[in-house]
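Here's the structure, in structure tokens; my notes come after.
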Amino acid sequence: MSKLGNLGARLYRGEVGYDFVGKRKIWYGISILITITAIVGLAVRGLNMGIEFEGGAVFNTPKTSVSVSQAEEAAEKASGHDAIVQKLGDDKLRIQIAGVDIKKSDQIKSSLAEDLDVKAGDIDADLVGPSWGDQIANKAWQGLAIFMVLVVIYLAIAFEWRMALAALIALIHDITITVGVYALVGFEVTPGTVIGLLTILGYSLYDTVVVFDSLKEQSKDITKQTKYTYSELANRSINGTLVRSINTTVVALLPVAGLLFIGGGALGAGMLNDISLSLFVGLAAGAYSSIFIATPLVADFKEREPQMKALKKRVLAKRAAAAAKGESAEAPESYADEEPEDDAVPGDAAPAVVGPRSQPASRNRGRGRPSGKRR
């Protein structure tokens with residue numbers, strides 16, 4: 001077995017682990033700092049909305065020897081607006097001009113043909129009205145709202161409302177960070193960006209549900225034992241699924257990184273940046289939030305319940321008594337072999353024990369004697 005696989009098995013069995021939940025205030029502070037930075041970047045710089053949202057025109061030129069900077073200068077001169085120029089294959093150019101009046105498209109097209117030394121008829125022009133962009137934006141917000149509501153309802157039914165609330169906070173955390181990065185980097189926001197955002201929400205939710213499912217299984221009948229608090233079981237759930245989360249995140253990030261850094265950066269295919277940046281940032285933020293935000297929040301919510309408070313007192317009292325007797329006061333590896341408490345539900349079967357087990361003295365009393373009174 002590989003070292004990573006061996007580590008994953010030891011984490012799953014609880015032989016080793018890191019106290020994620022115990023250090024949750026550190027993770028909360030880091031997340032708040034990143035979120036504030038994202039919000040400030042969004043407020044100061046704003047989003048670079050594409051023509052699909054603001055309206056404008058896209059001109060695709062045939063093969064030309066004009067450079068990107070020269071074409072950008074010619075487009076801004078012809079339209080009077082900022083232009084984005086991208087070089088495509090075979091020395092073709094894609095010129096985007098946002099906020100352009102559709103009536104001026106023919107005039108801009110003629111001016112570009114003259115400056116770029118191509119025929120006006122060879123330039124393809126696609127015009128987008130601002131009303132269409134508003135419809136796309138409204139549909140995106142509606143889809144996001146419906147997705148959030150369905151997520152909360154599903155998690156509340158499958159798990160409980162505290163987990164649903166924690167998952168919702170984690171999703172908002174991921175969206176805020178991703179949108180803030182877009183504002184800071186200045187990448188153009190297109191329908192591809194919206195698709196990327198919706199994709200990362202599903203991935204982030206999947207990673208969170210994996211941890212929640214493990215926590216739900218381990219915390220079943222938690223009040224019938226006195227070896228673990230709820231926070232400790234939450235921490236065991238994170239450690240038990242940690243290697244799986246790392247593996248799935250790395251495998252998902254590798255192709256996205258190829259699109260972003262090789263396709264969008266080295267090869268200059270700028271259209272790939274729209275979706276690849278949102279996927280890259282969102283996948284990383286989703287993995288982070290499922291480990292450092294969602295599960296610690298659930299532990300915080302649950303520890304406020306009277307039952308969990310009482311359980312924590314019993315656990316700490318038992319450890320203190322064990323420490324006073326010179327026994328180990330640390331949390332044991334498993335509570336599967338613990339006898340039920342006095343308030344346990346009658347009829348619960350005791351766990352099986354491997355090997356011979358001595359009988360209580362009371363059961364042996366009187367065996368081997370003849371029946372009847374002693375004379």
Side-chain angles (χ1 to χ4, degrees), residues 4 7-8 10-12 14 16-42 148 151-152 155 159-181 184 197 200-216 218-219 222 228-250 252-253 278-305 308-309 312 331:
L4 184 60
L7 176 61
R10 296 181 66 192
L11 286 170
Y12 181 79
V16 295
Y18 182 79
D19 192 7
F20 292 100
V21 177
K23 295 179 173 60
R24 56 186 176 271
K25 292 183 178 180
I26 298 176
W27 319 132
Y28 293 165
I30 294 174
S31 296
I32 292 174
L33 180 61
I34 296 175
T35 303
I36 292 176
T37 303
I39 294 175
V40 171
L42 184 62
M148 291 289 192
V151 164
V152 171
L155 291 179
F159 299 99
E160 59 173 301
W161 68 267
R162 295 170 187 82
M163 291 185 175
L165 179 59
L168 179 62
I169 295 174
L171 288 176
I172 296 175
H173 166 272
D174 299 341
I175 294 175
T176 304
I177 291 177
T178 306
V179 174
V181 170
L184 293 172
L197 284 174
I200 64 169
L201 293 180
Y203 179 88
S204 174
L205 182 63
Y206 164 79
D207 218 21
T208 302
V209 167
V210 169
V211 183
F212 283 178
D213 186 65
S214 175
L215 178 56
K216 178 183 177 182
Q218 293 198 48
S219 61
I222 185 177
Y228 288 109
T229 65
Y230 190 91
S231 294
E232 290 168 349
L233 285 181
N235 195 67
R236 287 172 59 91
S237 299
I238 296 175
N239 281 279
T241 58
L242 181 61
V243 173
R244 176 179 179 177
S245 299
I246 293 175
N247 288 335
T248 54
T249 302
V250 171
L253 283 177
S278 61
L279 287 175
F280 187 83
V281 177
L283 290 175
Y288 171 85
S289 64
S290 64
I291 297 173
F292 298 97
I293 302 299
T295 309
L297 279 176
V298 173
D300 276 336
F301 295 154
K302 291 289 292 185
E303 290 286 1
R304 297 178 181 179
E305 293 183 356
M308 296 300 113
K309 289 182 178 179
K312 187 175 182 179

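Just so you know, these numbers come straight off a predicted model, no measurement behind them. As a basis for the values below, the full set of heavy atoms in this structure was taken, side chains included, without hydrogen atoms, waters or symmetry mates.
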What distance separates M148 CE from I172 CD1, expressed to the nearest 0.5 Å? 5.5 Å
Quick check for you: to the nearest 0.5 Å, what is the distance between F301 atom CZ and W161 atom CH2? 7.0 Å
Just verifying a value: how many Å separate T229 OG1 and K302 NZ, rounded to the nearest 0.5 Å? 12.5 Å
Check whether any side-chain N or O of Q218 sits under 3.5 Å from a backbone N or O of L215 as a donor-acceptor pair, and report yes or no. no
Determine the minimum heavy-atom distance between L253 and A284, stating which atoms define it. CD2-N, 4.3 Å
Nearest 0.5 Å, please: how far is OG in S289 from CD1 in I177? 8.0 Å
Can you measure from CG (L165) to CG (L155) and round to the nearest 0.5 angstrom? 10.5 Å
Within 45° of the axis and under 6.0 Å from the centre of the six-membered ring of Y28, does NZ or CZ of K23 qualify? no
Return yes if some donor-acceptor pair links the side-chain N/O of S290 with the main-chain N/O of A287 below 3.5 Å, else return no. yes
Donor-acceptor pair, side chain of N235 and main chain of S231, under 3.5 angstrom: no
Using the ring of each side chain (for Trp, its six-membered ring), is F159 parallel, tilted or perpendicular to F212, with breaks at 30° and 60°? perpendicular
Tell me the closest heavy-atom pair linking V298 and R162, and the distance in Å. CG2-O, 4.2 Å
Within the 3.5 Å criterion, strictly below it, is a donor on D207 or Y288 matched to an acceptor on the partner's side chain? no
So, S214 side chain and V210 main chain: donor-acceptor pair closer than 3.5 Å or not? no
Could you work out, with side chain to side chain contact (heavy atoms under 4.5 Å, CB included) as the rule, every residue matching K309, not counting sequence neighbours? none
Grab the two heavy atoms, one from G41 and one from L184, that are nearest each other, plus how far apart they are. CA-CD2, 3.6 Å
Looking only at non-hydrogen atoms, find the nearest pair between L205 and A167 and report the distance. CD1-CB, 4.5 Å
Looking only at atom types and distance, does a side-chain atom of N239 sit under 3.5 Å from a main-chain N or O of Y18, one as donor and one as acceptor? yes
When you measure from the side chain of W27 to the backbone of I293, do you find a donor-acceptor pair of N or O atoms at a distance under 3.5 Å? no
Does E160 pair with K216 as a salt bridge, N-O distance under 4.0 Å? no
Between R24 and V21 (side chain of the first, backbone of the second, donor and acceptor by atom type, cut-off under 3.5 Å), is there such a pair? yes
Side chains of F292 and S31, heavy atoms from C-beta outward: is any pair under 4.5 Å? no
T295 side chain to I291 backbone, donor-acceptor under 3.5 Å: no
Quick one: does L168's side chain get under 4.5 Å of V151's, heavy atoms only? no
Taking all non-hydrogen atoms of both residues into account, name the closest pair between A38 and T176 and its distance. CB-O, 3.6 Å
At what distance, to the nearest 0.5 angstrom, does OG1 of T178 lie from CG of D174? 6.5 Å
Minimal heavy-atom distance between I222 and M308, with the atoms involved, is CG2-CE, 3.9 Å
